[in-house]
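I have placed the structure first, in the form of structure tokens, so that the comments after it can refer back to it.
Indexing begins at 1, ligand by ligand and atom by atom, following the structure's order.
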Amino acid sequence: MALQLGDLAPDFEADTTLGRLRFHEWLGDAWGVLFSHPKDYTPVCTTELGYTAKLKDQFEARGTKVIGLSVDSVDDHHGWSKDIETTQGVKPNFPMIADADRKVSELYGMIHPNASSTLTVRSVFIIDPQKKVRLTLTYPASTGRNFNEILRVLDSLQLTDQHQVATPVNWESGDDVIIVPSVSDEEARTKFPNGWDAKTSYLRVVKQPGS
Ligand code: BEZ
């Protein structure tokens, strides 16, 4: 069965551009973003990996480690990195897993045989410091992902883990949030002493805690 939200992210050992690593050990106490791309030396993937490298500071600010994966070799990853640097202005500054034997791809369900029997789809997993899967996302090979959205989800997860709030449609960090329905008005008066805007009894909008 495919990995689901709340599942323990499977541990594995793999060769990467930064040497061999054990996934859980490498993650340590950090949040993690594990993402697959279909193939090295392909155009959409080239733009995705360059952009992700540009977000290094953004991921670090969120205490998050990023790791990529495809079924190509470490040598191919290194060779392709030069093209990424030439065309995107920055080379990958995170490890890239060489999953030639597809062990990790199969563990994480990154190969969808009816899309391609040999290549990984564009999967993303956000993993929290307890090693639980908190987001899964699958895009087709022909559609590059929006990595700003991954940052946005990290912001939402990290906020909502700390406070009993949820984030509404198109929310960005700093925007108003929603008090979760499990919090009664009585509890909310203690947690949100500055009050909230009750659009309905269940849609209670409040300033983002800490903003
Ligand atoms: C690409 O990255 O451009 C790509 C890879 C596999 C299939 C289609 C596009």
Side-chain angles (χ1 to χ4, degrees), residues 1-5 7 9-10 12-21 23 26-27 31-60 62 64-127 133-155 170:
M1 191 167 69
L3 276 177
Q4 298 187 330
L5 301 189
D7 287 354
F12 57 82
E13 200 172 310
D15 290 323
T16 80
T17 47
L18 298 185
R20 196 155 179 87
L21 60 74
F23 186 50
W26 175 79
L27 280 171
W31 287 72
V33 173
L34 167 64
F35 74 99
S36 57
H37 66 271
K39 193 153 181 53
D40 292 1
Y41 297 105
T42 53
V44 176
C45 301
T46 300
T47 62
E48 284 191 333
L49 271 78
Y51 192 79
T52 304
K54 287 180 189 160
L55 295 179
K56 182 181 173 59
D57 291 350
Q58 296 291 328
F59 283 111
E60 276 180 7
R62 292 161 176 82
T64 302
K65 292 183 171 180
V66 175
I67 189 163
L69 175 150
S70 75
V71 296
D72 300 279
S73 66
V74 167
D75 280 352
D76 276 348
H77 286 341
H78 282 306
W80 180 43
S81 292
K82 293 182 198 135
D83 288 355
I84 296 174
E85 184 170 24
T86 307
T87 61
Q88 310 303 306
V90 54
K91 66 177 167 198
N93 42 31
F94 47 83
M96 291 156 67
I97 296 167
D99 193 36
D101 61 6
R102 305 194 207 173
K103 252 171 55 190
V104 182
S105 313
E106 280 166 15
L107 206 53
Y108 277 78
M110 292 164 163
I111 293 181
H112 295 201
N114 291 326
S116 165
S117 58
T118 52
L119 303 180
T120 41
V121 290
R122 297 187 195 280
S123 298
V124 182
F125 296 88
I126 293 183
I127 297 160
V133 174
R134 301 295 297 277
L135 166 133
T136 66
L137 181 152
T138 307
Y139 269 42
S142 52
T143 305
R145 287 158 288 194
N146 183 342
F147 279 79
N148 296 322
E149 172 65 0
I150 309 302
L151 295 175
R152 193 185 77 89
V153 177
L154 279 166
D155 284 340
N170 294 343

Exercise: do Asp40 and His77 side chains pair donor with acceptor under 3.5 Å: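 On atom types as modelled, these side chains qualify, holding a pair under 3.5 Å.
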
With sequence neighbours left out, what residues match Ala141 under side-chain contact (heavy atoms from CB on, under 4.5 Å)?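 For Ala141 the side-chain contact (heavy atoms from CB on, under 4.5 Å) partners, ignoring immediate neighbours, are Pro38.
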
For Thr86, which residues count as a side-chain contact (heavy atoms from CB on, under 4.5 Å) partner, sequence neighbours excluded?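 Residues passing side-chain contact (heavy atoms from CB on, under 4.5 Å) with Thr86: none at all.
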
What residues, two or more places apart in sequence or in another chain, satisfy salt bridge (Lys or Arg N to Asp or Glu O under 4.0 Å) together with Asp76?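 For Asp76 there are no salt bridge (Lys or Arg N to Asp or Glu O under 4.0 Å) partners, ignoring immediate neighbours.
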
What are the distances between nitrogen or oxygen atoms of ligand 1 and protein nitrogen or oxygen atoms, counting only those under 3.5 Å?
from, atom 1, to, atom 2, distance (Å)
ligand 1, 2 (O), Thr42, OG1, 2.9
ligand 1, 2 (O), Val44, N, 3.1
ligand 1, 2 (O), Cys45, N, 2.9
ligand 1, 2 (O), Arg122, NH2, 3.1
ligand 1, 3 (O), Pro43, N, 3.3
ligand 1, 3 (O), Val44, N, 2.7

Can you tell me which residue among Lys54, Lys56, Glu60, Arg62 is in a side-chain hydrogen bond (donor to acceptor under 3.5 Å, both in side chains) with Gln58?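 The single option meeting the side-chain hydrogen bond (donor to acceptor under 3.5 Å, both in side chains) with Gln58 is Arg62.
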
Electrostatic pair Glu85:Lys82 at N-O distance under 4.0 angstrom: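 Here Glu85 does not pair with Lys82 in a salt bridge, since their nearest N and O are not under 4.0 Å apart.
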
